[in-house]
Amino acid sequence: MESKISIVLPTSNLCNLLVLVFFCFAACPSLGRLSFNFYATSCPAAELMVSNTVRAASSNDPTIPGKLLRLLFHDCFVEGCDASVLLQGNGTERSDPANTSLGGFSVIDSAKRVLEIFCPGTVSCADIIALAARDAVAIAGGPAFQIPSGRKDGRISNSANVRPNIVDTSFTMDEMIKLFNSKGLSLDDLVTLSGAHTIGLAHCSAFSDRFQQDSKGKLRLVDTSLDITYAKELIRKCPAGGSSTSNTVSNDPETSFAFDSQYYGNLLAHKGLFQSDSILLEDGRTRKQVEEFANNEERFFRSWGESFLKLTTIEVKTDNEGEIRQSCSFTN
């Protein structure tokens, strides 16, 4: 049943919050441990400080929103939304090869420094990541909405936990469904949250499995589900056999830095960058939702608000389960 949640519509913010809370008590099992306006008394300007930091960084570097959104996914899917991905050191999540291309750390650190000046020991790094990703989407043209806060920072970060808990771009639909379900996310959430690829960049190595080198070292298309013209453009941008760790391309070749529904239009045009993107169109379980989002951006935005809320409440830590770090890079 479709939830009736208003996202970025000209209605009362209070009404939107009430409807959102009603939805989440049914769909977000961790919401009861968090609350809206959590810092209203302890740090009233907390969300504004985070938003201003993200906005300033994004104005200087348009790739920041995509980096912050990816950072949230890699945090929440491993150990839950507890900022474990921010911890530095040997053997931490951040040291795993799957996370070495993550970005946006400096933005989180900047927001944390400001918050520690005005509200020392109050705002968790886990909340900063969630709020920054939420704001990044809005700054890039996507929907704006409230999310609850109150997450504590985790004390454990283990690189061995990364690979079993994040989506590989070569995953089959069944593999993606299994992983999303293990996080309390549905098939609808999978299609909706894949829309994060409407912004951001990808390294050539992330989709090199769709091409093959011939005897002369040139690439040729082996994944026939990909539009041939688009494939040739990717080959041009990835001259080193598609496995370069430095070359990058836009996830969305049409509106690279705008959070919109173009991603789904790209799928219909067979221009999904990753195999895990293209399969959303090919699989009968998800094709209808792809077509709906491609033709109805408002419907995508509404669904995004719901799924994003569920994403940011995965296995949250509260009370004595975690801490509020003084530095996001190290435990206290």
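Contact between Glu175 and Thr172 at its shortest, heavy atoms only, is OE1-N, 2.8 Å. Residue Ser194 comes nearest to Leu190 through the heavy atom pair OG-O, 2.7 Å, listed as atom of the first residue, atom of the second, then distance.
Side-chain contact between Lys317 and Ser124 is absent, with no heavy-atom pair separated by less than 4.5 Å. Residues Asn251 and Phe274 are in side-chain contact: their nearest non-hydrogen atoms beyond the backbone lie under 4.5 Å apart. A heavy-atom distance below 4.5 Å is found between the side chains of Trp304 and Leu193. Under the 4.5 Å side-chain criterion, counting only non-hydrogen atoms from C-beta, Arg325 is in contact with Leu86. Looking at heavy atoms from C-beta onward, Tyr39 lies out of side-chain contact with Leu115 at the 4.5 angstrom threshold. Annotation: side chain of Leu273 is not in contact with side chain of His197 (no heavy-atom distance under 4.5 Å). Put simply, the side chain of Leu72 does not reach to within 4.5 Å of the side chain of Arg134, judged on heavy atoms. Between Glu79 and Asn158, the closest side-chain pair of non-hydrogen atoms is not below 4.5 Å.
For the atom pair Gln275 CD and Ile279 CD1, the distance stands at 5.5 Å (nearest 0.5 Å).
Ion pairing between a basic and an acidic side chain is recognised when a charged N comes within 4.0 Å of a carboxylate O; Glu306 and Arg302 show no such pairing. Under the 4.0 Å criterion applied to side-chain N and carboxylate O atoms, Lys237 and Glu233 are assigned as salt-bridge partners.
Summarising the local packing, CD of Gln88 is surrounded by more than 12 heavy atoms from other residues, nucleotides or ligands at distances under 6.0 Å.
For residues 273-332, the set of pairs meeting the disulfide bond (SG atoms under 2.5 Å apart) definition, not counting sequence neighbours, comprises Cys125-Cys328.
Listed for the Asn332 side chain is a donor-acceptor partner under 3.5 Å among the backbone atoms of Gln326. Looking only at distances, a side-chain donor or acceptor of Ser58 sits under 3.5 Å from a matching main-chain atom of Val54. Looking at Arg299, its side chain never comes within 3.5 Å of a backbone N or O of Glu292 through a donor-acceptor pair. The closest donor-acceptor contact from the side chain of Ser51 to the backbone of Glu47 lies at 3.5 Å or more, if one exists at all. Although no hydrogens or angles enter the test, the distance criterion places no donor-acceptor pair under 3.5 Å between the side chain of Ser95 and the main chain of Asn90.
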Starting from the C-alpha separation in whole Å, work towards a yes-or-no answer on side chain to side chain contact (heavy atoms under 4.5 Å, CB included) for Leu234 and Leu226. CA-CA 11 Å; Leu234 294 178; Leu226 202 60; 4.1 Å; yes
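With sequence neighbours left out, Phe180 forms a ring pair (Phe, Tyr, Trp, His ring centres under 6.0 Å) with Phe77.
Ring to ring, Phe300 and Phe259 are close: their centroids are under 6.0 angstrom apart.
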